[in-house]
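Read the numbers this way: they start at 1 and go in the same order the structure lists the ligands and their atoms.
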Amino acid sequence: MSRLTTQAPTVLRAGGPNAVGVMLGLLGDEWTLLILREALLGARRFVDWRARLPISNAVLTARLNRLAGAGLLDRHAYQDRPPRWEYRLTERGAGVWPVLLCIWAWEAAWVPEHVERLPVRVHAACGQAFDPVLVCAACEQPVTAAPDQLTGGFGPSGGWARSVPDASTRRRSAGGDAGLFPQTTALMGNRWSAALLGAAFLGVHRFAEFQRCLAAPPTVVADRIRRFCELGVLRERDYRLTAKGRAFLPVVLTAVDWAQRWFHAEEGPALEHVHTACGASFSPALSCSACAGRLCRVDVRVRTDTVTMLDPASRSRR
Ligand SMILES: [Zn+2]
Ligand SMILES: [Zn+2]
């Protein structure tokens with residue numbers, strides 16, 4: 001079992017970006033998602049990421065520093081002269097695995113023109129290929145984007161204005177995109193896109209209402225809606241989510257759950273939902289589509305080899 005640095009949640013100052021805003025500032029970046037994925041696959045040293053990703057030194061340095069600053073990676077010196085560092089996943093960093101798993105499954109199912117062939121996921125507990133299924137942690141029943149499944153919405157630190165990253169974390173154009181998760185990046189990697197997606201999941205489908213939620217100029221709203229229609233995430237005729245758009249819900253809910261676990265606004269949660277079917281406060285979990293057992297990080301494997309996909313310890317033991 002991997003040894004992870006244990007941590008306490010970060011307290012967010014009152015009135016600032018809430019957990020959703022902080023999360024989008026961190027995870028709404030393709031390089032960051034790829035760096036975390038490789039960290040879960042065992043990357044620890046600068047050369048590991050350089051060997052696995054088409055990333056420049058400058059971009060990698062900037063992202064590693066940011067992830068260390070946000071408590072997702074822990075920096076340790078492994079050599080003094082010259083100084084060399086390795087970056088180990090913390091509990092908070094490793095906790096991103098459900099989000100990455102849902103992104104992986106969504107891209108594999110809905111983005112056929114993928115530049116990188118995505119390997120088959122195997123659930124170690126049952127030995128079968130699987131898709132992650134979003135369930136309610138309280139009652140284990142599957143949860144979809146159907147309108148009657150979850151009730152609730154913004155909590156005490158919610159609201160559109162606070163659910164976007166602050167200016168310092170929005171500056172990240174340097175380095176461009178990797179092009180490995182292009183559609184996920186199109187949905188989450190931009191404050192307007194993320195807000196549009198969130199509004200669509202909350203049932204918004206009229207232009208004026210999108211504009212009110214995003215608090216953006218009409219040209220920006222029109223541009224984002226057009227892009228979502230091109231991606232096949234919104235229907236052209238009424239701006240409602242398509243099946244592909246609704247299938248992104250596990251990514252959104254696991255990301256929000258991770259954010260609210262690790263970033264606590266002084267006023268309370270940004271989002272609060274109740275699972276209608278069981279009446280419990282909703283928190284997401286993932287189960288295996290083949291055996292219906294609950295998924296955990298160390299049970300997710302890749303068909304192509306026997307390395308545990310999401311357990312950093314499995315590679316470091318080699
Ligand atoms: Zn439930
Ligand atoms: Zn299974």
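- Side-chain contact between Pro284 and Val143 is absent, with no heavy atoms from C-beta onward closer than 4.5 Å.
- Residues Phe263 and Trp258 place their aromatic rings such that the two centres sit under 6.0 Å apart.
- Looking at heavy atoms from C-beta onward, Phe201 lies in side-chain contact with Leu197 at the 4.5 angstrom threshold.
- Annotation: side-chain hydrogen bond (donor to acceptor under 3.5 Å, both in side chains) contacts of Asn57 (sequence neighbours excluded): Arg50.
- A side-chain contact (heavy atoms from CB on, under 4.5 Å) with Val99 is found for exactly one of Leu36, Leu253, Thr184, Thr254, namely Thr254.
- Ion pairing between a basic and an acidic side chain is recognised when a charged N comes within 4.0 Å of a carboxylate O; Arg162 and Glu267 show such pairing.
- Note: Trp160 and Phe154 meet the aromatic proximity criterion, with ring centroids under 6.0 Å apart.
- Grouping Ile, Leu, Val, Met, Phe, Trp and Tyr by side-chain contacts under 4.5 Å, direct or through others, puts Val135 with Val133.
- Excluding waters, the count of protein N/O/S atoms less than 2.8 Å from the Zn ion (ligand 1) comes to 4.
- Taking the side chain as every heavy atom from C-beta outward, Ile225 and Phe228 never approach each other to under 4.5 Å.
- Taking 2.8 Å as the limit, the number of protein N, O or S atoms around the Zn ion (ligand 2) is 4.
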